[in-house]
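All heavy atoms count here, side chains included; hydrogens, waters and symmetry mates do not.
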Amino acid sequence: MSETFQFTLKATDGKARLGEISMPRGTIRTPAFMPVGTVGTVKAMYLDQVREGGADIILGNTYHLMLRPGAERVARLGGLHELIRWPEPILTDSGGFQVMSLSGLRKLDEQGVTFKSHVDGSLHHMSPERSIEIQGLLDSDIQMQLDECVALPAEPKEIERAMELSLRWAERCKIAFGNQPGKAMFGIVQGGDQPALRIRSAEGLKQLDLKGYAVGGLAVGEPQHVMLDMLNITLPVLPTEKPRYLMGVGTPDDIIKSVARGIDMFDCVMPTRSGRHGLAFTRKGKVNIRNAKHAEDVRPLDEQSSCPATRDYSRAYLHHLVRSNEALGGMLLSWNNLSYYQELMQGIRKAIAEGRFEDFMAETQEAWARGDD
Ligand code: PRF
C-alpha cells in the first residue's frame with residue numbers, strides 16, 4: 001500500500017507487462033480483472049467471495065449510482081466503500097458509455113449530456129465536471145473521464161467528432177479532479193476503428209500527463225481482429241510507465257490476447273452475466289450447463305479448482321438449478337466464472353514473471369479448444 005497512487009512495472013515478457021498499482025486502499029496486481037459491481041453489488045455474489053477469488057479492485061458505475069440511490073445519498077452514507085463493505089480500491093466508470101447504452105432520450109453537446117433516467121424517466125444533465133464530482137461523492141479511487149463512445153460500424157467523421165469531444169472533456173475532467181495524491185483520474189482513448197484517430201487521441205491524452213490511460217470504444221460491434229489491431233496501433237503511443245485499461249473486455253480469449261499487446265487492466269460483465277444465464281467458463285473452455293447432456297453428469301465443472309462452486313457441485317445439480325431458474329444456479333455459476341477469470345489472471349501474472357507468457361498463452365488456448373468431453 002502507498003499514500004500516493006503509484007504504478008510499478010515489475011517485469012515484461014514481449015509486450016506483456018507484470019505490475020502493481022499501489023494506493024491507500026490497497027495494491028492491485030496487474031494484469032488485473034475487475035469484477036463489475038454496477039449498482040454497488042457484484043451481482044449474485046458476496047463481496048467476501050469476490051475478494052477470496054482474487055479480486056484486488058471492483059468497478060462501480062456513476063450512471064446507475066447517481067440515479068439510485070443518488071451520489072449525495074451515498075456520500076451521506078459514508079461513501080461507496082462503507083456502504084457496500086468493500087474497503088479495497090474501487091474504479092468508477094464516468095457514465096458516458098452507460099448513458100448511451102441504457103438511457104432513453106439523450107442530447108449531447110459540448111457542455112455534456114442530457115438524458116432520461118431508465119429508472120423513472122426523470123431528466124438529468126451530466127457534464128465532465130459533474131461526472132468527476134459524482135465520482136468524488138462516491139469516494140471512488142480510480143475515476144474515469146467523461147467520454148463519448150461510438151458504436152461500430154460508424155462513419156469516420158462521426159468517430160472523429162466524438163474522439164475530439166472526448167479529448168476536450170478529458171482536459172476539463174483533469175481540471176475538475178485537481179490534485180488528489182491517493183487517487184487517480186484516467187483518460188480514455190477513443191477513435192473507433194480508425195488508426196489515425198486512435199493515434200491522435202492517444203497523443204492528445206498523453207500530453208495531459210494523466211495517471212493512467214484507458215482504451216475505450218472497442219468491443220462495440222467490431223470483429224476481434226479489429227480490436228487487436230487498434231491495440232497494436234494505440235498502445236505504443238501511450239507512456240510505458242502508466243497503467244493501461246481496456247474497458248468492457250471481454251472473453252478469456254480477448255483478455256489473454258490483449259495482455260499479449262500490453263494491456264494491464266480489464267473489466268467485463270461477462271463472467272457474472274453469463275453465469276446468470278447458465279454459461280460456465282472453465283480451464284477446458286465454455287460449458288453451457290443448460291444443455292441436456294449435463295442432466296445426469298455427476299462430475300463437477302473442474303475437480304482441480306479451489307473454488308467450491310467449481311469443485312464440489314455436480315453438473316447435474318447446476319443444470320437442474322439453472323433449468324429451474326433458481327437463484328442459487330446464477331450464484332454458483334457467477335462464483336465459478338469469477339474464480340476462473342481470476343485464476344486466469346493469476347496464471348498470466350505468474351507466466352510473465354517467469355518469462356513464459358507465450359507458452360502459457362498457447363497452452364491455455366489449446367486447453368480451451370480441446371474442450372472437456
Ligand atoms: N467508455 C466508457 N466506458 C466504457 C467504454 C467506453 O468506451 C466501453 C467500450 N468497450 C465499455 N465501457 N466510459
Side-chain angles (χ1 to χ4, degrees), residues 7 17 21 28 30-38 42 55 57-65 89-102 113 128 131-132 135 140-152 154 159 162-163 165-167 169-170 173 184-193 197-198 201-202 205 210-222 224 226-235 237-238 242-259 261-273 341 345:
F7 178 62
R17 294 143 55 96
I21 296 174
I28 303 153
T30 66
F33 181 78
M34 306 184 280
V36 177
T38 295
V42 175
I57 176 171
I58 61 171
L59 185 134
N61 276 117
T62 298
Y63 169 82
H64 295 81
L65 294 166
I90 295 178
L91 179 147
T92 44
D93 199 357
S94 53
F97 180 74
Q98 286 74 28
V99 166
M100 290 302 156
S101 50
L102 294 174
V113 53
S131 174
I132 295 297
Q135 295 182 70
S140 163
D141 303 283
I142 302 181
Q143 307 181 13
M144 302 304 299
Q145 73 154 102
L146 189 65
D147 62 332
E148 184 191 356
C149 170
V150 175
L152 295 173
I159 297 171
M163 181 276 285
L165 179 69
S166 299
L167 213 42
W169 284 359
C173 285
M185 202 269 316
F186 284 16
I188 306 177
V189 176
Q190 291 290 347
D193 54 2
L197 299 181
R198 285 278 164 190
S201 176
L205 288 173
L210 302 169
K211 297 246 180 84
Y213 296 90
V215 183
L218 292 174
V220 290
E222 80 288 2
Q224 190 197 48
V226 172
M227 175 178 92
L228 298 176
D229 282 350
M230 291 306 115
L231 295 182
N232 289 339
I233 288 162
T234 306
L235 297 185
V237 181
L238 295 174
K242 305 284 177 73
R244 299 121 170 226
Y245 160 32
L246 180 56
M247 305 190 79
V249 172
T251 62
D253 186 59
D254 291 331
I255 289 176
I256 205 163
K257 287 175 176 160
S258 302
V259 166
R261 287 161 174 80
I263 292 287
D264 307 304
M265 301 162 75
F266 301 87
D267 80 282
C268 194
V269 295
M270 191 163 293
T272 39
R273 182 173 294 165
Y341 267 63
M345 303 318 290

Salt bridge (charged side-chain N to carboxylate O under 4.0 Å, His left out) against Arg198, all qualifying residues, sequence neighbours excluded: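 Testing Arg198 for salt bridge (charged side-chain N to carboxylate O under 4.0 Å, His left out), a comparison that skips the adjacent residues, returns none.
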
Salt bridge (charged side-chain N to carboxylate O under 4.0 Å, His left out) partners of Asp229, counting only residues at least two apart: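 For Asp229, no residue satisfies salt bridge (charged side-chain N to carboxylate O under 4.0 Å, His left out) once neighbours in sequence are set aside.
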
Please name the pair of heavy atoms, one in [X] and one in [Y], separated by the smallest distance, quoted to 0.1 Å.
X	Y	answer
Met144	Ala214	CE-CB, 3.5 Å
Ser201	Leu167	O-CD1, 3.7 Å
Ile159	Gly192	CG2-N, 3.4 Å

Pairing residues for [X] by the side-chain hydrogen bond (donor to acceptor under 3.5 Å, both in side chains) criterion, not counting sequence neighbours:
X	answer
Thr30	none
Gln135	Thr92, Ser131
Lys211	none
Tyr245	Asp267

Is [Y] close to [X] at the side-chain level, that is, under 4.5 Å between some pair of heavy atoms?
X	Y	value
Met34	Ile58	no
Asp147	Gln190	yes
Leu59	Asn61	yes
Val215	Arg244	no
Leu228	Lys257	yes
Ser166	Glu148	yes
Ile57	Ile90	no
Cys268	Val36	no

Side-chain donor/acceptor of Lys242 to backbone N/O of Tyr213, under 3.5 Å: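 It does not hold such a pair.
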
Short side-chain to backbone donor-acceptor contact, Gln143 and Met185, under 3.5 Å: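 Such a contact is absent between Gln143 side chain and Met185 backbone.
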
How would you list, by chain and number, every residue that makes a side-chain contact (heavy atoms from CB on, under 4.5 Å) with [X], sequence neighbours excluded?
X	result
Asp254	Gln224, Met227, Val249, Thr251
Ala55	Pro35, Val50, Trp86, Gln342
Ala202	Val189, Thr234, Val237, Leu238

Distance, nearest 0.5 Å, that separates [atom1] of [X] from [atom2] of [Y]:
X	Y	atom1	atom2	answer
Leu246	Ile255	CG	CD1	8.5 Å
Leu146	Trp169	CG	CH2	4.5 Å
Leu65	Ser140	CG	OG	10.0 Å
Met345	Met265	CE	CE	10.5 Å
Met247	Asp93	CE	CG	3.5 Å
Cys173	Ile188	SG	CD1	8.5 Å

Those residues that, when tested against Tyr341, pass ring pair (Phe, Tyr, Trp, His ring centres under 6.0 Å) (two or more places apart):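 Ring pair (Phe, Tyr, Trp, His ring centres under 6.0 Å) check on Tyr341 returns Phe33, Phe281.
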
Under the ring pair (Phe, Tyr, Trp, His ring centres under 6.0 Å) test, residues paired with Tyr63 that sit two or more places apart: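 Per chain and number, Tyr63 pairs via ring pair (Phe, Tyr, Trp, His ring centres under 6.0 Å) with Phe115, His118.
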
Criterion side chain to side chain contact (heavy atoms under 4.5 Å, CB included) on Ile263 and Leu231, from CA distance to verdict: CA-CA 8 Å; Ile263 292 287; Leu231 295 182; 4.1 Å; yes

